[in-house]
Amino acid sequence: MTDEQVIERLSFFARLFRVHEQHDVGMWYLYITILILSIIVYKLGFAKKLPILKSAIIYLFLAFGCTVLTFLAIFLPIAEGLVVAVLILSIYKIRLYYSKKNENNT
């Protein structure tokens, strides 16, 4: 497989962070992007009020899982899917907020 074929197969974020040119820096940027997006998805869709130690354990496992996802995200659209999930959950939360606001006003 030639370099051009490998570059064509990279996901959008992997190409954006130039993982094929700057391996170390590009992978760190990809990891941080996936970690931030995963935290946002968790907070918007799944987070509940937990004690601080339980929350720390959840975020520790989330960070470990994002390590695995980073390696998959080189060729698969993991970060892109997380962006879509953030958008959908944000729209849901906004609509839920306005629905509750309108319900309280009536």
Side-chain angles (χ1 to χ4, degrees):
M1 192 177 282
T2 65
D3 287 341
E4 292 84 25
Q5 290 174 332
V6 170
I7 292 170
E8 284 180 16
R9 293 188 61 209
L10 292 175
S11 68
F12 171 75
F13 280 99
R15 253 185 273 136
L16 179 68
F17 298 137
R18 300 188 183 279
V19 171
H20 58 285
E21 294 174 3
Q22 306 168 358
H23 306 292
D24 293 338
V25 176
M27 287 298 285
W28 277 110
Y29 286 155
L30 190 59
Y31 173 75
I32 291 168
T33 302
I34 290 173
L35 181 63
I36 290 170
L37 289 171
S38 296
I39 289 171
I40 293 170
V41 167
Y42 171 72
K43 292 294 273 184
L44 286 175
F46 307 102
K48 294 181 179 179
K49 284 285 189 185
L50 295 173
I52 204 88
L53 185 60
K54 288 182 182 180
S55 291
I57 291 171
I58 286 175
Y59 286 114
L60 182 71
F61 279 107
L62 187 66
F64 177 71
C66 288
T67 304
V68 176
L69 287 178
T70 300
F71 291 109
L72 294 174
I74 296 170
F75 294 110
L76 297 174
I78 304 293
E80 293 84 347
L82 287 169
V83 168
V84 171
V86 166
L87 291 173
I88 290 171
L89 288 170
S90 297
I91 292 169
Y92 170 73
K93 288 290 186 175
I94 291 168
R95 290 187 58 152
L96 184 64
Y97 171 77
Y98 282 121
S99 173
K100 286 184 178 181
K101 185 178 174 182
N102 288 338
E103 185 177 293
N104 288 339
N105 288 340
T106 58

When rounded to the nearest 0.5 angstrom, what is the spacing between [atom1] in [X] and [atom2] in [Y]?
X	Y	atom1	atom2	result
L30	L10	CG	CG	10.0 Å
L72	C66	CG	SG	11.5 Å
E8	T2	CD	OG1	7.5 Å
L89	L82	CG	CG	10.5 Å
K48	K54	NZ	NZ	11.5 Å
I39	L35	CD1	CG	4.0 Å

As a test of understanding, state which of V19, I74, I78, V83 forms a side chain to side chain contact (heavy atoms under 4.5 Å, CB included) with F13. V83
Write down the atom of [X], the atom of [Y], and the distance for their closest heavy-atom approach.
X	Y	result
V86	S90	O-OG, 2.7 Å
P77	E80	CA-OE1, 3.1 Å
A73	A14	O-CB, 4.2 Å
M27	T70	CE-CG2, 3.7 Å

State, yes or no, whether a side-chain contact exists between V41 and F46 at a heavy-atom distance under 4.5 Å. yes
Within a strict 4.5 Å, meaning less than it, do heavy atoms of the V6 and H20 side chains meet? no
Cluster question for you: counting only ILVMFWY and a side-chain heavy-atom cut-off of under 4.5 Å, with indirect links fine, are [X] and [Y] together?
X	Y	value
L53	F61	yes
F12	V84	no
I7	L16	no
I91	I94	no
I40	L50	yes

Taking I34's backbone N and O only, do any of them form a donor-acceptor pair with S38's side chain (distance below 3.5 Å, no angle check)? yes
Under 3.5 Å: donor-acceptor pair, side chain of Q22, backbone of F17: no
Within 6.0 angstrom of [X] [atom1], more than 12 heavy atoms from elsewhere:
X	atom1	answer
I52	CD1	no
Y92	OH	no
F71	CZ	no

Mind checking whether W28 and Y31 have parallel, tilted or perpendicular rings, split at 30° and 60°? perpendicular
Describe, in one word, how the ring planes of Y42 and Y59 are oriented to each other, choosing from parallel (under 30°), tilted (30 to 60°) and perpendicular (over 60°). perpendicular
Begin with the C-alpha distance, continue with both residues' side-chain angles, and end with the deciding distance and a verdict on side-chain contact (heavy atoms from CB on, under 4.5 Å) for R18 and V25. CA-CA 9 Å; R18 300 188 183 279; V25 176; over 6 Å; no
